[in-house]
Amino acid sequence: MLKGNRTEEVGTASGELKKISDKIPLPHFVTEEAARICMVSMEKGLARRRPLAQIAASSLYAACREREVPATLADLSAASGVGRIVLASCYRMLVTELDLDIPVADPAECLASVAFRAKVGPKVERDAREILSEAERAGITDGVCPQGLAASALYLAALLNGHYLTQTGAAEAAGVKEVTVRNQFKRLRKLVKTRLEGTTRKKSPRRSELEADRSVRVEVPA
């Protein structure tokens, strides 16, 4: 039977999980799995190395990844109040210490939620999906951040369609850093270089647009 401090820890962890779950609508099987991960973490003494708020938030993120439910680090960070970098570090600790079996995420599966947050149209999303397919055929999707790759494909598709989307906006929609989008964009644009250059020649951005968004000035190929 759990007694004393252990009972208090479980109660605190359960409260943290409920607080986060109230802000993010997650399936019941995800919250149940998060509670299990959280309990095992405490049994292994991981709560002595990290605050329970971090353990709870990262357990929920791990459960989402395990059950392939789309939720980004940014989503969990905003709901829990735990910084994204700290949350990512705690998540990696759980995966390592508990030997969690996390499926490799497919960038195409992340695309719909990223496109929704970025507020782009169906045509941009379809083109981004095709870019991801080309990238997979070219063998450049292995070992990269799936959310970052989805955001980069969406940014590239937006450029091709003349839709205004910054790298910052794409990164925020995917819950990743802007540098991740920038790096993956450099790889993806080689796949559609001819189309991208044609689009750039037909529709050059106005000076005011360049000043408003430096990422466009830097990233659009000459």
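Rounding to the nearest 0.5 Å places OG1 of T12 at 9.0 Å from CE of M42. Of the inter-residue distances, the one linking Q167 atom CD with T180 atom OG1 reads 10.5 Å to the nearest 0.5 angstrom.
Between V82 and L76, the closest side-chain pair of non-hydrogen atoms is not below 4.5 Å. Here the side chains of L98 and M93 are not in contact, with every heavy-atom distance at 4.5 Å or above. With a 4.5 Å cut-off on side-chain heavy atoms, L46 and V40 do not count as touching.
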| said: Could you go through I131 and L154, starting from their C-alpha distance and side-chain angles, then the distance that decides it, and tell me whether this counts as side chain to side chain contact (heavy atoms under 4.5 Å, CB included)? | reply: CA-CA 9 Å; I131 290 169; L154 202 66; over 6 Å; no
| Hey, mind stepping through Q184 and V176 against side chain to side chain contact (heavy atoms under 4.5 Å, CB included) and telling me if it holds? | CA-CA 12 Å; Q184 296 307 326; V176 299; over 6 Å; no
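For residues 83-92, every residue pair satisfying the side-chain hydrogen bond (donor to acceptor under 3.5 Å, both in side chains) rule, not counting sequence neighbours, is listed here: R50-S89. For residues 33-56, the set of pairs meeting the ring pair (Phe, Tyr, Trp, His ring centres under 6.0 Å) definition, not counting sequence neighbours, is empty. Evaluation of the salt bridge (charged side-chain N to carboxylate O under 4.0 Å, His left out) test over residues 110-126, restricted to residues two or more places apart or in two chains, returns D75-R117, K123-D127, E125-R129.
Residues L156 and F185 come closest through the heavy atom pair CD1-CE1, 3.6 Å. Looking at every heavy atom in both residues, A135 comes nearest to L188 through CB-CD2, 3.6 Å. In terms of heavy-atom proximity, S77 sits nearest to L87 at N-CD2, 3.7 Å. Residues A151 and V114 approach most closely at CA-CG1, 4.2 Å, considering heavy atoms. In terms of heavy atoms, K186 sits closest to R189 at O-CG, 3.6 Å. Scanning all heavy atoms of the two residues, the minimum distance from A150 to L111 falls at O-CD1, 3.7 Å.
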Output side-chain donor-acceptor pairs under 3.5 Å for residues 56-63, partner residues at least two apart or in another chain, one line each.
from : atom 1 : to  : atom 2 : distance (Å)
S58  : OG     : Q54 : O      : 2.7
S58  : OG     : I55 : O      : 3.2
S59  : OG     : I55 : O      : 2.7
Y61  : OH     : R65 : NH1    : 3.3

List the atom pairs, donor and acceptor, that lie under 3.5 Å between side-chain atoms in residues 22-33 and the rest of the protein, sequence neighbours left out.
from : atom 1 : to  : atom 2 : distance (Å)
D22  : OD2    : K18 : NZ     : 3.0
K23  : NZ     : A79 : O      : 3.4
H28  : NE2    : E32 : OE2    : 2.9
T31  : OG1    : H28 : O      : 2.8
E33  : OE1    : R36 : NE     : 3.1
E33  : OE1    : R67 : NH2    : 3.3
E33  : OE2    : R36 : NE     : 3.3
E33  : OE2    : R36 : NH2    : 2.8

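Crowding of R137 atom CZ: a count of heavy atoms from other residues, nucleotides or ligands under 6.0 Å exceeding 12. Enclosure of atom CD in E66 by more than 12 non-hydrogen atoms of other residues, nucleotides or ligands within 6.0 angstrom is indicated.
Partners of S14 under the side chain to side chain donor-acceptor pair (under 3.5 Å) rule, at least two apart in sequence or in another chain, do not exist in this structure.
No path of Ile, Leu, Val, Met, Phe, Trp and Tyr side chains, each step under 4.5 Å between heavy atoms, connects V179 with Y155, placing them in separate hydrophobic clusters.
One finds a salt bridge joining R49 and E97 here, because a Lys/Arg side-chain nitrogen approaches an Asp/Glu carboxylate oxygen to under 4.0 Å.
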